[in-house]
Amino acid sequence: MSIAATKTNKMPDKIKVNGVILVDKPQGMTSQQVVSKVKYLFKSPNHDSKKAGHTGTLDPMATGLLPICLGEATKFSHYQLDADKSYQATILLGSQTDTGDADGQIVAQEDIPPLDAARLEEVAQQFLGAQQQIPPMYSALKKDGKKLYEYARAGIEIDRPPRDIVIKAIDLTELDAKQLQLTVTCSKGTYVRVLAEDIAKVLGTLGHLTALRRVQVGDFHIDVAIALADLETLALDGRQAHLLPVDACINLEAELALTAEQCARVQMGQRLNVIEQLTDDLRSYISATVEQQHSHDENSVTQKNGDDSKGDYRQGDSEALLPYEIPVDIRLVDEQGQFIGLGAISLNGRLQPKKLIQL
């Protein structure tokens with residue numbers, strides 16, 4: 001067979017797997033191991049599932065909701081990385097481990113004082129709201145390109161600056177004389193292991209996690225997740241039936257429908273003037289979002305100045321723009337209502353394409 005004939009008979013391109021699947025992560029696996037398994041389960045001679053990632057790490061000991069994005073959905077995973085998360089955890093009082101959970105070695109022990117529901121409610125309320133938390137040494141955060149847990153395993157302690165977190169809801173109940181159940185909804189970046197240790201200290205003892213289960217990420221709930229073992233038993237078409245749409249992670253409600261010509265132009269990266277397509281509802285949405293961004297920027301400046309961090313704060317791009325020029329994110333759809341990506345739109349009608357999908 002000639003080279004020309006070989007090129008002519010080239011195998012057709014594989015179908016790219018796109019979408020979001022909600023997995024109930026089993027205990028003992030890392031989040032990346034679950035991603036690798038999902039990629040394998042969606043692969044076939046005709047399907048390409050190489051591009052995939054999760055939306056927030058769960059420790060190997062932890063179980064529960066792990067949204068995994070495949071293909072074009074990975075472009076929008078940050079919406080769930082930034083989302084609030086809810087957990088159910090078990091705290092064993094009286095002992096502390098080097099990792100903050102049952103996977104570590106016990107390094108200290110203390111007696112447990114008598115507890116009652118009133119005391120647990122009082123302590124829980126102390127942790128409600130905005131606060132700072134020092135990340136644990138046994139974490140995947142990096143220092144000079146090396147993960148903190150690698151330093152910890154080598155017996156090296158690294159200074160970790162506290163991070164801003166928010167505890168949105170929290171409840172403590174007594175399971176028995178030594179165990180508490182912690183139910184918490186928190187902002188991104190919160191370490192439940194550290195929260196459990198801090199709660200134990202306020203109660204006058206030590207503690208560590210013996211169980212951790214994530215039950216919610218943003219609007220995704222564990223009730224609609226599928227166990228990894230169950231996913232494995234399905235045929236490929238059954239697995240594909242569990243895929244959510246490419247835009248499932250996006251929590252934006254506002255959208256703009258574009259003509260076929262406009263779709264072609266934004267796919268080429270061109271900006272559009274869509275002033276005549278701005279409805280009253282869309283204008284109200286843009287105005288409200290701009291105002292919200294402005295309030296957030298003012299709070300950031302106040303916090304920076306309050307921390308005496310002169311010179312550290314850099315004004316955002318929006319500071320140099322007039323209100324009607326400030327862009328906000330919006331969903332873009334075609335004339336059939338099919339999602340094509342995200343754009344940034346301002347009240348002056350300027351639309352800038354941001355992240356567009358290629359299906």
Side-chain angles (χ1 to χ4, degrees), residues 16-25 31-32 34-35 38-39 49 51-58 64-87 140 163-169 184-190 214-226 242-258 266 282 285-286 288-293 295-297 299-300 316-318 326-334 337-346 351-359:
K16 185 189 291 185
V17 180
N18 299 296
V20 180
I21 186 161
L22 306 181
V23 175
D24 187 345
K25 175 192 167 302
S31 296
Q32 196 54 49
V34 176
V35 171
V38 167
K39 288 165 64 174
S49 59
K51 190 174 183 181
H54 60 73
T55 65
T57 301
L58 278 175
L65 184 58
L66 186 67
I68 295 176
C69 298
L70 291 153
E72 293 294 285
T74 58
K75 294 179 178 179
F76 314 107
S77 62
H78 66 280
Y79 280 95
Q80 296 306 312
L81 282 168
D82 295 341
D84 293 342
K85 298 171 177 65
S86 297
Y87 299 88
R163 304 201 302 182
D164 293 326
I165 64 167
V166 182
I167 303 299
K168 305 290 183 72
V184 62
T185 298
C186 49
S187 63
K188 69 170 184 176
T190 303
R214 187 156 66 192
V215 295
Q216 192 161 353
V217 176
D219 294 329
F220 298 144
H221 198 275
I222 189 64
D223 289 347
V224 293
I226 182 170
H242 284 273
L243 276 177
L244 300 177
V246 168
D247 58 335
C249 287
I250 301 173
N251 54 8
L252 299 175
E253 294 182 3
E255 69 177 32
L256 179 67
L258 302 180
V266 296
L282 199 47
Y285 171 79
I286 297 171
T289 305
V290 168
E291 179 61 31
Q292 186 178 11
Q293 289 177 354
S295 298
H296 181 269
D297 289 344
N299 289 337
S300 297
D317 294 339
S318 63
I326 299 175
V328 303
D329 287 357
I330 188 173
R331 293 164 50 91
L332 301 177
V333 298
D334 61 20
Q338 296 296 311
F339 175 76
I340 64 169
L342 294 181
I345 193 169
S346 50
L351 174 66
Q352 172 71 48
K354 287 189 67 175
K355 293 184 178 181
L356 302 178
I357 63 174
Q358 305 291 333
L359 298 178

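One-based numbering along the sequence shown.
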Exercise for the section: For the pair Gln80 (side chain) and Cys249 (backbone), establish whether a donor and an acceptor sit closer than 3.5 Å, ignoring hydrogens and angles. Expected result: yes

Problem - Where Phe220 and Pro67 come nearest, the two heavy atoms and their spacing - result: CD1-CG, 3.9 Å

Fill in the blank from the handout: Output for pair (Asp82 CG, Lys188 NZ), nearest 0.5 Å, gives 4.0 Å

Exercise for the section: Provide the closest heavy-atom pair for Asp329 versus Tyr285 in the form atom of the first, atom of the second, distance. Expected result: O-OH, 3.7 Å

Handout entry: Gap separating the NZ atom of Lys354 from the CD1 atom of Ile345, nearest 0.5 angstrom
Key = 12.5 Å

Handout entry: side chain to side chain donor-acceptor pair (under 3.5 Å): pairs with one or both residues in residues 242-255, sequence neighbours excluded
Key = Asp247-Arg331

Handout entry: Nearest-0.5 Å distance, CD1 of residue Ile222 to CG of residue Leu66
Key = 9.5 Å

Problem - Residues that Ser346 engages under side-chain hydrogen bond (donor to acceptor under 3.5 Å, both in side chains), provided they are two or more places apart - result: Asn348

Problem - Set of ring-ring contact (aromatic ring centres under 6.0 Å, His included) partners for Phe339, sequence neighbours left out - result: Phe76

Fill in the blank from the handout: Distance col, row Cys69:SG vs Ile21:CD1, nearest 0.5 angstrom, shows 11.0 Å

Handout entry: Residue among Leu243, Val246, Val20 satisfying side chain to side chain contact (heavy atoms under 4.5 Å, CB included) with Leu70
Key = Leu243

Practice task
Find the distance between CG (Asp219) and CD1 (Ile250) and round it off to the nearest 0.5 Å.
Solution key: 13.0 Å

